[in-house]
Amino acid sequence: MLNFKHLYYFMVVARSGGVIRAAERLNLTPQTLSGQLSRFEERVGARLFQRTGRRLELSETGKLALAYAEEIFQAGSELEELLKNGAVERFLTFRVGIADVLPKFIVHRLLDPVLKLPEAIRLVCTEDRLERLLAELALHRLDMVIADRPLPPGTEIKGHSHPLGESSLAFMASPVLAADLGDAFPACLDGAPLLLPGQGSALALALPRWLERMGIRPRIVGEFSDSALMKSFGEAGAGVFPTPALSVPEVCGHYKVKRIGQTDDIKARFFLISAERKLVHPVARAVSEHARRIMI
């Protein structure tokens, strides 16, 4: 039978990126942990790591083993919680990958119906770059991914993109900056400080092209892969920032900013990416159906 203590040690080493860090987390000596890891590799009959410089990287077999290990120990954690709480109903864990460039208010609105389903659902959200999330989806470590663009063409990852909807693009600024810019939108953006989504965002290409077509040359003062951080800089008066018009009420309510203009020439688009062509999971279907009702 598989030694689950060794499997756990392997998972911690894989997550930590090396034996020394893992040993500190496990309160073991690096020598002891290395010995346990070697015994585990002998037991499974395959190398789980390959050394690249000073860093350990997972082999293909190691990636497969890690995927199973995380599922095994997640299930164990859920069982422990159920037994401690005396629960008789098993909840369903649903893992969603969220592209880090997506506005948090939009994501919350899209996922709002999940916890209102009659089934007992535990929602697990993971935020990262789209490429990494798609790799996790391919390993079945995520049930779906929400992104601002469809599955990239030519990718080797098998998946299907389901459009959730789109929204016009609004431009926001602090009250002081908005007053300085005036009301002549979009001309007021010419020479204005502008904050852009990072290169991982679909708007990173669409927005500069639109500005060029309009003959507008703002001063790009910052690029942000994290949309919340971009809004915080915008609230502080660092520059104008774009956001889907759908999220304007929440953005104005959470940040001290105001809308200076809006365009229908650029659309913020949202997609649900799944491993299957047809959405059969009740959670995925609920998100898709809810999106049709709220998108403008």
Side-chain angles (χ1 to χ4, degrees), residues 67 70-71 74-75 77-79 81-82 85 87-152 155 157-170 200-203 226-228 243-251 253-254 267-296:
E70 291 182 331
E71 290 183 9
Q74 176 65 35
S77 177
E78 293 173 3
L79 174 60
E81 183 171 338
L82 286 171
N85 295 333
V88 295
E89 181 183 16
R90 178 179 174 86
F91 55 78
L92 173 66
T93 299
F94 192 79
R95 298 175 176 84
V96 181
I98 300 165
D100 55 10
V101 296
L102 286 177
K104 306 303 183 289
F105 296 117
I106 295 292
V107 174
H108 175 263
R109 189 177 293 192
L110 289 172
L111 296 178
D112 183 60
V114 173
L115 299 182
K116 299 177 181 178
L117 292 172
E119 299 88 350
I121 303 292
R122 168 174 287 183
L123 182 64
V124 179
C125 295
T126 300
E127 188 179 35
D128 207 334
R129 293 171 54 189
L130 179 57
E131 293 76 11
R132 294 177 182 171
L133 295 175
L134 293 177
E136 297 290 289
L137 181 68
L139 292 172
H140 302 288
R141 288 158 63 177
L142 292 174
D143 296 298
M144 72 179 194
V145 172
I146 297 179
D148 66 339
R149 49 195 167 104
L151 195 68
T155 181
I157 296 174
K158 293 182 180 180
H160 302 276
S161 302
H162 308 270
L164 293 177
E166 60 184 26
S167 172
S168 301
L169 198 65
S201 169
L203 293 176
D226 187 312
S227 62
T243 192
L246 184 64
S247 67
V248 165
E250 290 87 352
V251 172
H254 191 81
K267 298 287 188 179
R269 304 167 68 200
F270 307 97
F271 295 86
L272 187 161
I273 302 175
S274 66
E276 66 273 3
R277 182 179 300 275
K278 183 177 181 180
L279 296 177
V280 295
H281 198 287
V283 175
R285 288 206 310 269
V287 171
S288 179
E289 293 167 3
H290 179 66
R292 296 194 195 102
R293 295 193 294 268
I294 67 171
M295 286 293 172
I296 57 176

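In what follows, every heavy atom counts, from backbone to side chain, and hydrogens, waters and symmetry copies are set aside. Along the sequence shown, the residues carry numbers beginning at 1. The model shown is predicted, which means the values in this text are computed figures rather than measured ones.
- Using a 4.5 Å cut-off on side-chain heavy atoms (C-beta onward), Pro163 and Arg269 make no contact.
- Sorted by first and then second residue, the pairs that involve residues 135-150 and meet salt bridge (Lys or Arg N to Asp or Glu O under 4.0 Å), not counting sequence neighbours, are Glu70-Arg141, Glu131-Arg149, Glu136-Arg141.
- The distance from the SG atom of Cys125 to the CG atom of Leu111 is 5.5 Å, given to the nearest 0.5 Å.
- Within the structure, salt bridge (Lys or Arg N to Asp or Glu O under 4.0 Å) pairs that include any residue of residues 280-289 do not occur (at least two apart or interchain).
- Here the closest heavy-atom approach between residue Leu110 and residue Leu164 is recorded as CD1-CD1, 4.1 Å.
- Contact check for Arg129 versus Asp100: side-chain heavy atoms found under the 4.5 Å cut-off.
- For the residue pair Ser227 and Pro103, the shortest heavy atom distance occurs at OG-CA, 3.4 Å.
- Contact between Ala286 and Pro113 at its shortest, heavy atoms only, is O-CG, 4.0 Å.
- The two residues Ala147 and Leu130 come nearest to each other via the heavy atoms CB-CD1, 3.7 Å.
- Nearest approach of Leu151 to Gly159, heavy atoms of both residues: CD2-O, 3.5 Å.
- Going from atom CZ of Arg109 over to atom NZ of Lys104 covers 15.5 Å, rounded to the nearest 0.5 Å.
- By the 30° and 60° cut-offs, the orientation of the rings of Phe105 relative to His254 is perpendicular.
- The CE atom of Met144 lies 11.0 Å from the CD1 atom of Ile273; values are rounded to the nearest 0.5 Å.
- Atoms OG1 and CG, on Thr243 and Leu203 in that order, are 9.5 Å from each other to the nearest 0.5 Å.
- Of all heavy-atom pairs spanning Leu137 and Leu142, the tightest one is CD1-O, 3.4 Å.
- When the shell of 6.0 Å around NE2 of His281 is examined, it contains more than 12 heavy atoms from other residues, nucleotides or ligands.
- The CZ atom of Phe270 sits 9.5 Å away from the CD atom of Glu166 when rounded to the nearest 0.5 Å.
- Two residues are said to be in side-chain contact when any heavy atoms from C-beta on lie closer than 4.5 Å; Val107 and Glu127 fail this criterion.
- The distance from the NZ atom of Lys267 to the OG atom of Ser167 is 7.0 Å, given to the nearest 0.5 Å.
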